[in-house]
Amino acid sequence: MQLYQSQTLKIHNSLSGKKEVFKPLNEGHIGMYVCGPTVYSNVHLGNCRTFMSFDMIFRYFKHLGYKVRYVRNITDAGHLVDDAEDGEDKIAKKARLEKLEPMEVVQRYTVDFHNILQKFNFLPPSIEPTATGHIIEQIEIIKDILDKEFAYEKNGSVYFDVSKFNEKHEYGKLSGRKLEDMISNTRALNAQEEKKNPQDFALWKKAEPQHIMRWPSPWGDGFPGWHLECTAMSTKYLGETFDIHGGGMDLKFPHHECEIAQAEASNGQSPVRYWMHANMLTMNGKKMAKSTGNNILPGEIFSGDNNILSKPFSPSVVRFFMMQAHYTSILDLSNDALLASEKGHHKLMDALDAIDHLESSNSSDFDIESWKNDCYAAMNDDFNTPILIAKLFDAVKFINIAKEGKQSISAPDKIILKEILCGFVFEVLGLEGKTDEAADSDKLSGVVELLIQLRKDARDNKDFATSDKIRDQLASLGIQLKDGKDGTTFSVL
RNA sequence: GGCAUCGUGGCCGAGUGGCUAGGCACAGCUCUGCAAAAGCUUGUACAGCGGUUCGAAUCCGCUCGAUGCCUCCA
């Protein structure tokens, strides 16, 4: 019996705008696709938040006992810079500026992306396909859509015919837009004269002679449109209809809308059963943007090399900070917020360490069953990690009281408490304990124990000047002494 | 201008038509040589204006503000 059989999970489906009971297409198995990064620069912190939300969701599915195929692509081709760039591929553009091969740029930033995600303790997806590795599949889909007459060719490019599609299908159902509104609101843009209608989008773009990234196709040398790769890769690995498609809120339109259109045009069915969208990250109340300087790279948070935050913060603290907000809410990052999260994170980890040292008793003053149910109820309610964390702090409080000997816990309950707590903290939330390896070093703890002993001697002799000196010096090194009933312990901050 | 997601106490951030979120900060107390840590106790809310209701911060309308998107841009 798997855990998921006893849990009812609800997911907010962007398509319906409602929370729906989640039932996978095939019992026990879940197919999930998340739009990955474009690897033409360092990964954006906001992007990390989106991926982290889906990492948590992936982790919870696995925790529930589901077999999950999680596909997250790497976009290494297909994005255009803007109209002024004459249809030049974004990656090719950057490559010329830096005098690098396009694939060299892709490699550099793919490595950066993986490095940062590893620091954040992400689980790797099941498949991480690249757009350039699926050109053939994309061409096949274009052929299919052309056959069904939902697309047309013009001068070596192929465009999706939105108006025609809209006659039999509903273009705009995900983002709540109506084609008529879009038509009346369209701005005048350059280089659109090939399209029948401004709403049409490219499935295949003809490559100009200077364009480096190019592939042969039935319509001449060119490259695929941006929306197509996700359709090709998601359906290839997950089937024509699959359970979950996720991404940032910003991708809802046009990207995800176009994905729906492409899939419905090519195989007649709606590709995704549950659409999930993660919300944006702001900093100091404003959107993060390089142009205004209101921007920070993940690596700069970890190193402290920035003029926005007062100190470095560990990846796990940043993760804890992000998990304290619901994935569908806008989250605001600030120095104060990170400082608060750091303290909360530390308190949580200290309590986890303390469980093993609790005395077992014949009975428990803590209702483990009902607490455990509350934890699962929080996660089952559209992955409500803030509520889960609030529940975890109920346990933290109990552990601290029990540590003082004021309440008790039975031996079996102690095992369950630890198992559930660790399960949620490490497995589901993906947090990490003491990252400072020094804390585990025998040498360090030997030295600190010695100092604690010396301080105790000084205190016994009422030599408080010496005892305070030891305490304060250690504190300035980031080692905190805690005087308890049964002597002094320490923790490395 | 249109569409979408929001607007909660000093800060971050959940939630609900009437019943404690939680973390951090602040104050008092316990413990302590003094602190720290931990515990206990307490305070400050639901953008504004209308409406529905016995009752709304929670539902509806409008206003203001934030963020994203509006065709090739995460």
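Keep in mind that the numbers below use all heavy atoms, side chains included, and drop hydrogens, waters and symmetry copies. Labels below follow one simple rule: chain letters A, B, ... track the order of the sequence lines, proteins then strands, and each chain is numbered from 1.
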Pick the [atom1] atom in [N] and in [M], then give their distance to the nearest Å.
N      : M      : atom1 : value
U52(B) : G61(B) : P     : 15 Å
A57(B) : U16(B) : C1'   : 10 Å
C31(B) : G18(B) : C1'   : 41 Å
G43(B) : C29(B) : C1'   : 15 Å
C70(B) : U63(B) : P     : 25 Å
A25(B) : C12(B) : P     : 15 Å
U20(B) : U42(B) : C1'   : 13 Å
C26(B) : U67(B) : P     : 31 Å

Ignoring backbone atoms, test whether Lys252(A) places a side-chain nitrogen or oxygen under 4.0 Å from the OP1 or OP2 oxygen of G68(B).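 No, no such contact exists.
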Respond yes when some side-chain nitrogen or oxygen of Lys397(A) is under 4.0 Å from OP1 or OP2 of G22(B), and no when none is.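 For Lys397(A), the contact criterion (side-chain N or O under 4.0 Å from OP1 or OP2 of G22(B)) is not met.
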Pull out every protein N or O sitting under 3.5 Å from an N or O of nucleotides 25-36 of chain B, one pair per line with the distance.
unit_1, atom_1, unit_2, atom_2, d
A25(B), OP1, Lys343(A), NZ, 2.7
G33(B), O6, Arg459(A), NE, 3.4
G33(B), O6, Ser467(A), OG, 3.4
G33(B), N1, Asp468(A), OD1, 3.0
G33(B), N2, Asp468(A), OD2, 3.0
C34(B), O2, Arg471(A), NH2, 3.2
C34(B), N3, Arg471(A), NH1, 2.7
C34(B), N4, Arg471(A), NH1, 3.2
A35(B), N6, Asp483(A), OD2, 2.3
A35(B), N1, Asp483(A), OD2, 3.2
A35(B), N3, Arg471(A), NE, 3.3
A35(B), N3, Arg471(A), NH1, 2.8
A36(B), O2', Gln480(A), NE2, 3.1
A36(B), N1, Asp483(A), N, 3.2
A36(B), N1, Asp483(A), O, 3.1

Would you check, one step at a time, whether the test side-chain hydrogen bond (donor to acceptor under 3.5 Å, both in side chains) holds for His227(A) with Glu257(A)? CA-CA 9 Å; His227(A) 313 303; Glu257(A) 203 70 70; over 6 Å; no
What integer distance in Å separates [X]:[atom1] from [N]:[atom2]?
X         : N      : atom1 : atom2 : value
Trp204(A) : U71(B) : CH2   : P     : 24 Å
His12(A)  : U5(B)  : NE2   : C1'   : 9 Å
His346(A) : A38(B) : NE2   : C1'   : 13 Å
Asp350(A) : A37(B) : CG    : P     : 11 Å
His255(A) : A4(B)  : NE2   : C1'   : 17 Å
Phe253(A) : A4(B)  : CZ    : P     : 13 Å
Asn335(A) : C24(B) : CG    : P     : 17 Å
Lys286(A) : G68(B) : NZ    : C1'   : 17 Å

Whichever of Lys391(A) and Leu203(A) has its nearest RNA chain B nucleotide further upstream toward 5':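 By nearest-heavy-atom nucleotide position, the 5'-most residue is Lys391(A).
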RNA chain B nearest-nucleotide lookup for Phe320(A) and Gly285(A): closer to the 5′ end is Phe320(A)
So does [X] pair up with [Y], basic N to acidic O under 4.0 Å?
X         : Y         : result
Asp332(A) : Lys287(A) : no
Lys482(A) : Asp350(A) : yes
Asp460(A) : Lys456(A) : yes
Asp468(A) : Arg471(A) : yes
Asp365(A) : Lys406(A) : no
Asp356(A) : Lys414(A) : no

Out of A21(B), C69(B), C72(B), which has the shortest distance to the side chain of Ala202(A)? C72(B)
Checking C3(B), A38(B), C72(B) against the side chain of Lys347(A) (C-beta onward), the nearest is A38(B)
Which of these, Trp226(A), Tyr33(A), Trp275(A), Tyr171(A), sits in a ring-ring contact (aromatic ring centres under 6.0 Å, His included) with His256(A)?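 Option passing the ring-ring contact (aromatic ring centres under 6.0 Å, His included) with His256(A): Trp275(A).
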Per the ring-ring contact (aromatic ring centres under 6.0 Å, His included) rule, which among Tyr40(A), Phe122(A), Phe51(A), Phe120(A) passes with Phe113(A)? Phe51(A)
With heavy atoms under 4.0 Å as the rule, sort [X] into base, sugar-phosphate or nothing.
X         : answer
Phe201(A) : base
Asn279(A) : sugar-phosphate
Pro254(A) : base
Gly172(A) : nothing
Gly248(A) : nothing

Give each protein N/O atom lying under 3.5 Å from an N/O atom of nucleotides 12-16 of chain B, with the pair distance.
unit_1, atom_1, unit_2, atom_2, d
G13(B), OP1, Asp332(A), N, 2.8
G13(B), O2', Gln324(A), O, 3.3
A14(B), OP1, His326(A), N, 2.7
A14(B), OP1, Ser329(A), OG, 2.8
A14(B), O3', Asn384(A), ND2, 3.4
G15(B), OP1, Asn384(A), ND2, 3.2

Decide whether Asn73(A) and Glu229(A) meet the rule of one side-chain donor and one side-chain acceptor closer than 3.5 Å. yes
Are Glu259(A) and His245(A) side-chain neighbours, meaning at least one heavy-atom pair lies under 4.5 Å? yes
For the residue pair Phe253(A) and Arg177(A), establish whether any side-chain heavy-atom pair is separated by less than 4.5 Å.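 A side-chain contact exists here, since the closest heavy-atom pair is under 4.5 Å.
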Can you tell me the pairing partner of [N] across any strand shown, Watson-Crick or G-U wobble, with both distances under 3.5 angstrom?
N      : result
A47(B) : U63(B)
C54(B) : G18(B)
G68(B) : C3(B)

Is Arg177(A) side chain donor-acceptor paired with the C70(B) base, going by distance under 3.5 Å alone? no
